[in-house]
Number of protein chains: 4
Amino acid sequence: MFARQGFYQSTVSQIAREAGVADGTIYLYFKNKDDILVQFFNFRAKQVFASFRQEVDKSGNSTDKLRSLVRRHLEEFQRDGDMAVVYQALTYQNIDLIKDQIKEVSKMYLDIVGEILEKGQEEGTMRKDLYISLAKRFILGAVDSAINNWLRAGRKYDLASMTEPLIDLFIRGIGNR
Amino acid sequence: MFARQGFYQSTVSQIAREAGVADGTIYLYFKNKDDILVQFFNFRAKQVFASFRQEVDKSGNSTDKLRSLVRRHLEEFQRDGDMAVVYQALTYQNIDLIKDQIKEVSKMYLDIVGEILEKGQEEGTMRKDLYISLAKRFILGAVDSAINNWLRAGRKYDLASMTEPLIDLFIRGIGNR
Amino acid sequence: MFARQGFYQSTVSQIAREAGVADGTIYLYFKNKDDILVQFFNFRAKQVFASFRQEVDKSGNSTDKLRSLVRRHLEEFQRDGDMAVVYQALTYQNIDLIKDQIKEVSKMYLDIVGEILEKGQEEGTMRKDLYISLAKRFILGAVDSAINNWLRAGRKYDLASMTEPLIDLFIRGIGNR
Amino acid sequence: MFARQGFYQSTVSQIAREAGVADGTIYLYFKNKDDILVQFFNFRAKQVFASFRQEVDKSGNSTDKLRSLVRRHLEEFQRDGDMAVVYQALTYQNIDLIKDQIKEVSKMYLDIVGEILEKGQEEGTMRKDLYISLAKRFILGAVDSAINNWLRAGRKYDLASMTEPLIDLFIRGIGNR
DNA sequence: CATGAATGAGTTTTCATTCAT
DNA sequence: GATGAATGAAAACTCATTCAT
């Protein structure tokens, strides 16, 4: 519902009806309307991001790790497009309510990418002169943007298949020669 | 005010007070509250984006054009950080109200980048095997992301100075060899 | 709880928690929330007032009877300060719910005082020209007021020790002779 | 309406209807429902009590002053019986909201009575052995009680005519001599 | 043109009460 | 008898919008 209408356009009554419960029941599980968003973030989005770390640890060299991360990212967001919408909306807004949560999740992601880039520099597959703190944000931004495009295009094509083209753009830009 | 509090958190009364007029006066210039957002977009954001075209036309080769576009983009958004906040918030949300306007502005931008990339391919400075419709979105997304990072970091550093590092990442990725 | 927060500020859930039972259990012993107040009045406050009669019957002359009544009144309310709070709050409000109970209890008290005053007139210890129906209310009011002062002062001093000073004021008044 | 139904039994909608305005209009003049009570107290009850001082200053000896005070008190409360109900209900409850206001108003009254009693002692019309801090509360309590009885009896008789009998009881007490 | 008081529909939230377990 | 999750009616409050001045 938040994905379709946005948080402020969704009323608690609607949410309750969609959930098949009475209005008051909502308040047995959420402190207030805001808390619905907060709990969504803590129990859904955070989990997804936490799963990225495992995926990366499995892969071998840094390029594979980056590929795994991006693929997993796109796959998860494709699997739950509504979460994707809400996550994006929240990330690019400045909502006090969950500002800290957003920062935390974002940092988690950037740390992973940062480690991959450093490892890549050691391996010799990534450029030594990379401005890492920019490069990692650049990568997250580009993936976010790919997701945003997919959403705005109506979720019609296969988002995960964007992995290779994206990696290609990243690597040939940051790859050593 | 929209930048600080968001659209739904801002009341018409607050807007009127900030503007130094009475509540009713707002309705002499705007059909309703929504219309304030629509008109903002039409007369502020659209103008900015329209100015990009001129900037690009001035420059010489495609790399210079891309550099000019990105620099102008960052400069304008830095100059009016509040507009930047609102623009970003709207872009990554799914507001029916201005969905079309967003698409239009976005298309305007992507068209410019697309032309630059094609020109670059002709000139031999850009890779011939580029998946252009992805690459141009990739570039917009990366610039958006740079702006978003700047906003979330409190607008403290010089955003325009990110131009060269960004271009470097783009070009060495998409440049021909 | 009613003493601390008042009847309307206390929820049935709170009452149940304080009583160490489940919410629903309350409704096995009380018809509804109002009934809690009604039963409190019938089984607690009424008992206390009924006990006054016995106390008075024990004493000898009318002055002693009045002294016994006031002392017992102050002692009982001091013993159960929370009941005192609730009783006072209810007496000076106009709650349909227990209007009749209040009247009954109040009449019970005024009847006792009235009898004492009449006895005193016969004995020659009370003024013959007393406007009895005023005087008895005057006495109840003054005792109530002493209790109210004690409550508002935080129940810190010994309420029962106010008996003598009060009786002195009743009997002799404030005028010099 | 508060006099009739009590504060918690009165809804803002009812208040608005009685006032002949829309619900929202209430909130242009009162911060919230509680504020209605607070403002009532500050602008109505406080004024009444402030007027007592003037009345007392006019009279001559201390007995006259006491008589003037009591008469004015009864007259004002008789004139605005609804205020009387609300004032009494609030005084004998423990509402945090206006606890301080009640204390202030009550102190104002007790101070006046205290001064009168001291003056009476100097004049020789009041007993020298009076426990003044008790005696003044005793007087306020007795007057309050007279008002309360009048209210509960349906405001049918002339409250102000109770002045002389009350003063008589204060001054001479109930004891025969 | 501008004002700002008034409106009332629409929202969030509370909580007495019920009833299947 | 006891439970406590679920209910939904009712209440407080907000705020976009209107319109007489």
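In what follows, chains carry the letters A, B, and so on, assigned in the order in which the sequence lines appear, proteins first and then strands, with residues in each chain numbered from 1.
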Notebook entry, point to check: Tell me, do Phe2(C) and Asp82(C) make a side-chain contact under 4.5 Å, heavy atoms counted?
Noted result: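 A side-chain contact under 4.5 Å is absent here.
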Item checked: Side chains of Gln14(B) and Gln5(B) in contact at under 4.5 Å (non-hydrogen atoms) ->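 Yes, their side chains come closer than 4.5 Å.
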Give the rounded distance in Å between these two atoms: [atom1] of [X] and [atom2] of [N].
| X | N | atom1 | atom2 | result |
| --- | --- | --- | --- | --- |
| Met1(A) | dT11(E) | CE | P | 12 Å |
| Ile36(D) | dA11(F) | CD1 | P | 14 Å |
| Arg17(A) | dT7(F) | CZ | C1' | 15 Å |
| Lys31(A) | dT14(E) | NZ | C1' | 16 Å |
| Asp35(A) | dT12(E) | CG | C1' | 14 Å |
| Asp34(A) | dT11(E) | CG | C1' | 13 Å |
| Ile15(D) | dA10(F) | CD1 | P | 18 Å |
| Gln5(D) | dA10(F) | CD | C1' | 15 Å |

Note to self: If only side-chain N and O atoms count, and only distance matters, is there a donor-acceptor pair under 3.5 Å linking Tyr92(A) with Gln93(B)?
What the structure shows: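 Short answer, no.
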Between [options], which nucleotide gets closest to the side-chain atoms of [X]?
| X | options | value |
| --- | --- | --- |
| Tyr27(A) | dT7(F), dT17(E), dT12(E) | dT12(E) |
| Val21(C) | dT12(E), dT3(F), dA16(E) | dT3(F) |
| Lys33(D) | dT3(E), dG8(F), dA12(F) | dA12(F) |

Check: Relative to the 5' end of DNA chain E, which residue comes earlier, Asn32(C) or Asp23(A), by the nucleotide with the nearest heavy atom?
Finding: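 The 5'-side residue here is Asp23(A).
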Margin query: Quick check: on DNA chain E, is the nucleotide nearest Leu28(B) upstream (toward 5') of the one nearest Leu28(D), or the reverse? Name the residue that is more 5'.
Written below: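 By nearest-heavy-atom nucleotide position, the 5'-most residue is Leu28(B).
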Next item on the list: Return the 5'-most residue of the pair Ala22(C), Gly20(A) with respect to DNA chain F, ranking by each residue's nearest nucleotide.
Entry: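 Nearer the 5' end of the strand: Ala22(C).
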Check: If each of Thr11(D) and Tyr8(B) is mapped to the nucleotide of DNA chain F with the nearest heavy atom, which maps nearer the 5' terminus, i.e. the 5' end?
Finding: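 On the 5' side of the pair lies Thr11(D).
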Check: Tyr29(B) near the nucleic acid: base, sugar-phosphate alone, or nothing, with a heavy-atom cut-off under 4.0 Å?
Finding: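 Result for Tyr29(B) = sugar-phosphate.
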Notebook entry, point to check: When all nucleic acid strands are considered with a 4.0 Å heavy-atom cut-off, which category describes Thr25(B): base, sugar-phosphate, or nothing?
Noted result: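 The residue Thr25(B) makes base contact.
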Next item on the list: Write down the partner of dT21(F) under the Watson-Crick or G-U wobble criteria, each distance required to be under 3.5 Å.
Entry: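 dT21(F) is paired, partner dA2(E).
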Notebook entry, point to check: Mind checking who dA11(F) pairs with, Watson-Crick or G-U wobble, both distances under 3.5 Å?
Noted result: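 By the stated definition (distances under 3.5 Å), dT12(E) pairs with dA11(F).
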Checklist line | Aromatic plane relationship, Phe49(D) with Tyr87(D) - under 30° parallel, 30 to 60° tilted, over 60° perpendicular | finding: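 Tyr87(D) and Phe49(D): tilted rings.
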Notebook entry, point to check: When the ring planes of His73(B) and Phe52(B) are compared, do they come out parallel, tilted or perpendicular, using 30° and 60° as the limits?
Noted result: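 Judged by the thresholds at 30° and 60°, the geometry between His73(B) and Phe52(B) is tilted.
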